[in-house]
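The structure appears right after this line, and notes come after that.
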Amino acid sequence: MMSYFNAFWVGGLICAIAQIIIDKTKLTPARILVLYVVIGAILGGLGIYKYIEQIGGAGATVPIMGFGNSLAKGVIKEIDKNGFIGIFTGGTTATAGGIAAAVFFGLLMALIFKPKEK
């Protein structure tokens with residue numbers, strides 16, 4: 001039961017910080033998204049994000065910061081395995097499942113629902 005609570009408050013805190021940034025700055029949601037991916041990658045590269053994952057579980061791995069962390073972990077793993085080329089291949093290799101799922105479900109939703117122009 002405690003793991004559900006921790007996932008809730010960690011994920012909620014990540015989202016609340018993003019909402020505060022939206023409300024208090026002129027940053028667009030797209031820029032905040034990029035900022036969160038970069039922060040996740042930096043924290044993952046420094047080995048700090050693993051502690052956030054230990055506390056928050058899915059509340060830390062599911063938000064976009066978790067994606068940045070996965071990119072960093074993949075790059076580090078591939079550099080250890082393949083050397084310099086791992087810089088270019090590691091992030092994509094580590095996140096291929098998530099990227100493929102996003103493309104597939106995005107296509108599925110586009111086929112099911114009719115988008116409207118604004």
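Bear in mind that the values here come from a model prediction, so they are computed numbers and not experimental data.
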Check: CD1/Ile39 to CD1/Ile14 distance, rounded to the nearest 0.5 angstrom?
Finding: 10.0 Å
Item checked: Residue pair Ile64, Phe67: steps toward the side-chain contact (heavy atoms from CB on, under 4.5 Å) verdict -> CA-CA 5 Å; Ile64 197 69; Phe67 180 74; 4.1 Å; yes
Notebook entry, point to check: Any side-chain heavy atom of Met109 within less than 4.5 Å of one from Ile112?
Noted result: yes
Next item on the list: Give a yes or no on whether Leu107 and Phe113 share a hydrophobic cluster (residues Ile, Leu, Val, Met, Phe, Trp, Tyr; joining criterion: side-chain heavy atoms under 4.5 Å apart).
Entry: no
Next item on the list: Of all the heavy-atom pairs spanning Ala60 and Glu53, show the shortest one and how long it is.
Entry: CB-CA, 3.9 Å
Next item on the list: Answer yes or no: does atom CE of Met2 have more than 12 heavy-atom neighbours from other residues, nucleotides or ligands under 6.0 Å?
Entry: no
Margin query: Test of understanding: clusters of I, L, V, M, F, W, Y form through side-chain heavy atoms closer than 4.5 Å, transitively. Do Val10 and Tyr4 belong to the same one?
Written below: no
Checklist line | Met65 CE to Cys15 SG distance, which is reported to the nearest 0.5 Å | finding: 10.5 Å
Check: Out of curiosity, does Leu43 fall in the hydrophobic cluster containing Val62 (side-chain heavy atoms, cut-off under 4.5 Å, transitive links)?
Finding: no
Notebook entry, point to check: Looking only at heavy atoms, which two atoms of Ala94 and Gly74 are closest? And how far apart?
Noted result: CB-CA, 3.4 Å
Item checked: Shortest non-hydrogen contact between Ala72 and Ala41, atoms and distance -> CB-O, 3.3 Å
Next item on the list: Starting at CD1 of Ile87, measure out to CD of Glu78 and round the result to the nearest 0.5 Å.
Entry: 11.5 Å
Notebook entry, point to check: When rounded to the nearest 0.5 angstrom, what distance separates CD1 in Ile17 from CG in Leu35?
Noted result: 10.5 Å
Next item on the list: Please tell me if the side chains of Ile55 and Trp9 come closer than 4.5 Å, counting only heavy atoms from C-beta onward.
Entry: yes
Item checked: Passing candidate, side chain to side chain contact (heavy atoms under 4.5 Å, CB included) with Val37, options Ile32, Asn69, Ile42, Leu71 -> Leu71
Checklist line | Residue pair Ile76 / Gly44: nearest heavy atoms and the distance that separates them | finding: CD1-O, 4.4 Å
Next item on the list: Write down the atom of Ile22, the atom of Pro29, and the distance for their closest heavy-atom approach.
Entry: CD1-CG, 4.5 Å
Check: Any link between Phe5 and Leu13 through a network of hydrophobic side chains (Ile, Leu, Val, Met, Phe, Trp, Tyr) touching at under 4.5 Å?
Finding: yes
Checklist line | Spatial distance of atom CG (Asn82) from atom NZ (Lys77) [nearest 0.5 Å] | finding: 10.5 Å
Notebook entry, point to check: Is there a path from Ile21 to Leu33 through hydrophobic residues (I, L, V, M, F, W, Y) whose side chains come within less than 4.5 Å of each other?
Noted result: yes
Notebook entry, point to check: Ignoring hydrogens and geometry, is there a side-chain-to-backbone donor-acceptor pair from Tyr49 to Thr61 under 3.5 Å?
Noted result: no
Item checked: Tyr36 side-chain N/O to Gly68 backbone N/O, donor-acceptor pair under 3.5 Å -> no
Checklist line | Verdict with supporting geometry, Phe84 and Ile79, side-chain contact (heavy atoms from CB on, under 4.5 Å) | finding: CA-CA 6 Å; Phe84 183 75; Ile79 288 173; over 6 Å; no
